[in-house]
Amino acid sequence: MKAISIKRNYEKSLKGIVSAFFLLIVLLMISHTAFAQKKWGFELRPGVNFATKKLGDASLNAGFGFEGVLAYKFMPHFAAYAGWSWNKFAADNSFAGSNVNFEETGYCFGLQFIHLVHGLKGSYMIKGGGIYNHIETENSAGKIINDSGHGLGWQLGAGMVFPLGKRWQLIPELRYRSLARNIKTGDSNTPVDLNYISAGIGFSFSF
């Protein structure tokens, strides 16, 4: 009972941290809205994913996914971002059975730094932050057979920002993401680490 209580308190603390971060971003955005012009940006980013290690005992095939992010530039080169993402990986054989899919979905948040590259019509971008995601396991019929529950992870990314007119930008980016969770299958509880490199091209609109 004590272990369960500690786990629940830990999960509540994590949720509190995530909620506080999102609230801070919202307040920061609202406080500057009256003075901002083209400081907001919305990005839609599809991408392909390559696992860097096994998920439990499962060798993951190349995956794919997409992400939607809202960013606010609160300084000339710094922006805060928050969004939602979905990523899917298939495995021929795993602790959860044969021909199963693992779907990672949830929220992302953090900071990004963008600076113009002299002599090039573009800027380099570096970003880092957290994720609050869960991993769902689907069988070959598409039915969810278990869910890890949400938990905190992290991500780092780097890329380029190329303007496409006054409001649109093209953003090729490489990213590394890490999430550790537990997946229950039957009577066993399997600890898993989802670590992967994601290569994608984002399309951003500034307003």
Side-chain angles (χ1 to χ4, degrees), residues 11 14-15 17-19 21-22 25-26 40-56 58-72 79-92 94-97 99-112 125 127-159 169-185 190 192-205:
E11 291 177 347
L14 290 180
K15 291 179 180 179
I17 293 172
V18 174
S19 299
F21 188 89
F22 272 94
I25 291 176
V26 170
W40 295 79
F42 177 76
E43 180 186 352
L44 184 62
R45 177 188 179 274
V48 292
N49 307 318
F50 305 94
T52 59
K53 62 181 296 185
K54 289 185 175 181
L55 186 74
S59 296
L60 300 178
N61 300 328
F64 61 93
F66 66 88
E67 179 179 85
V69 170
L70 183 66
Y72 180 76
Y81 69 86
W84 183 87
S85 65
W86 171 88
N87 292 283
K88 184 174 184 178
F89 298 85
D92 299 327
S94 73
F95 58 90
N99 299 317
V100 297
N101 294 317
F102 295 95
E103 292 190 1
E104 178 212 23
T105 60
Y107 309 97
C108 60
F109 53 92
L111 298 173
Q112 60 187 28
M125 178 188 68
K127 65 168 42 173
I131 58 175
Y132 187 62
N133 290 4
H134 67 142
I135 301 171
E136 294 178 335
T137 308
E138 291 185 351
N139 60 20
S140 56
K143 181 181 178 181
I144 297 175
I145 53 179
N146 49 53
D147 186 339
S148 71
H150 283 79
L152 281 174
W154 58 273
Q155 66 176 12
L156 295 173
Q169 297 87 36
L170 181 69
I171 308 176
E173 180 188 351
L174 283 176
R175 181 181 301 172
Y176 183 82
R177 178 174 279 188
S178 177
L179 177 67
R181 304 302 297 142
N182 291 312
I183 297 179
K184 187 174 183 180
T185 54
T190 304
V192 297
D193 293 312
L194 181 58
N195 298 316
Y196 62 92
I197 295 172
S198 178
I201 298 179
F203 297 89
S204 176
F205 178 75

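In this chain, residues are counted from 1 in sequence order.
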Can you measure from [atom1] ([X]) to [atom2] ([Y]) and round to the nearest 0.5 angstrom?
X	Y	atom1	atom2	result
Ile201	Arg45	CD1	CZ	9.5 Å
Thr137	Asn146	OG1	CG	3.5 Å
Lys53	Asp193	NZ	CG	4.0 Å
Ser178	Ile131	OG	CD1	7.0 Å
Glu43	Gln112	CD	CD	7.5 Å
Ile144	Glu138	CD1	CD	5.5 Å

(message) Is it the case that the ring center of Phe205 lies less than 6.0 angstrom away from the ring center of Trp40?
(response) no
Looking only at heavy atoms, what is the nearest atom pair of [X] and [Y], with distance?
X	Y	result
Ala90	Asn101	CB-OD1, 3.3 Å
Gly106	Trp84	O-CD1, 3.1 Å
Val100	Asn139	CG1-CA, 4.3 Å
Leu174	Ala199	CD2-CB, 3.7 Å
Leu60	Ala91	CD2-CB, 4.1 Å

(request) Look at the rings of His150 and Tyr107 and say which category their plane angle falls in: under 30° parallel, 30 to 60° tilted, over 60° perpendicular. (result)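 His150 vs Tyr107 ring planes: parallel.
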(request) Please work out whether the ring planes of Phe95 and Phe102 are parallel, tilted or perpendicular, with thresholds of 30° and 60°. (result) tilted
Would you kindly say whether [X] and [Y] are connected by a side-chain donor-acceptor distance under 3.5 Å?
X	Y	result
Ser204	Gln169	yes
Asn49	Ser198	yes
Ser85	Arg177	yes

(request) Quickly, which of Tyr196, Phe89, Trp86, Phe50 forms a ring-ring contact (aromatic ring centres under 6.0 Å, His included) with Phe64? Name it, please. (result) Trp86
(request) Verify side chain to side chain contact (heavy atoms under 4.5 Å, CB included) between Met125 and Ile171, making sure each step is shown before the conclusion. (result) CA-CA 9 Å; Met125 178 188 68; Ile171 308 176; 3.8 Å; yes
(request) Say whether, by atom type as modelled, one donor and one acceptor occur between the side chain of Ser148 and the main chain of Ile135 under 3.5 angstrom. (result)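 It does hold such a pair.
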(message) Keeping Thr52 on the side-chain end and Asn195 on the backbone end, is there a donor-acceptor pair under 3.5 Å?
(response)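 Yes: the side chain of Thr52 pairs with the backbone of Asn195.
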(request) State which residue, out of Gln155, Arg181, Glu103, Glu104, fulfils the side-chain hydrogen bond (donor to acceptor under 3.5 Å, both in side chains) condition with Asn133. (result)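 Testing each of Gln155, Arg181, Glu103, Glu104 against Asn133, the sole residue satisfying side-chain hydrogen bond (donor to acceptor under 3.5 Å, both in side chains) is Glu104.
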(message) Taking the side chain as everything from C-beta on, heavy atoms only, tell me whether Tyr176 gets closer than 4.5 Å to Trp154.
(response) yes
(message) With a 4.5 Å cut-off on side-chain heavy atoms, are Lys184 and Thr190 touching?
(response)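 With C-beta onward as the side chain, the pair stays apart.
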(request) With side chain to side chain contact (heavy atoms under 4.5 Å, CB included) as the test, would you mind laying out the steps for Lys127 and Leu111 before giving the verdict? (result) CA-CA 6 Å; Lys127 65 168 42 173; Leu111 298 173; over 6 Å; no
(request) Using the side chain to side chain contact (heavy atoms under 4.5 Å, CB included) rule, take Asn61 and Asp92 through it: C-alpha gap first, then chi angles, then the decisive distance, then the call. (result) CA-CA 8 Å; Asn61 300 328; Asp92 299 327; 3.6 Å; yes
(request) Determine, step by step, whether Arg175 and Glu67 satisfy the salt bridge (Lys or Arg N to Asp or Glu O under 4.0 Å) criterion, reporting the C-alpha distance in whole Å, the side-chain angles of both residues, the deciding distance to 0.1 Å, and the verdict. (result) CA-CA 12 Å; Arg175 181 181 301 172; Glu67 179 179 85; 3.1 Å; yes
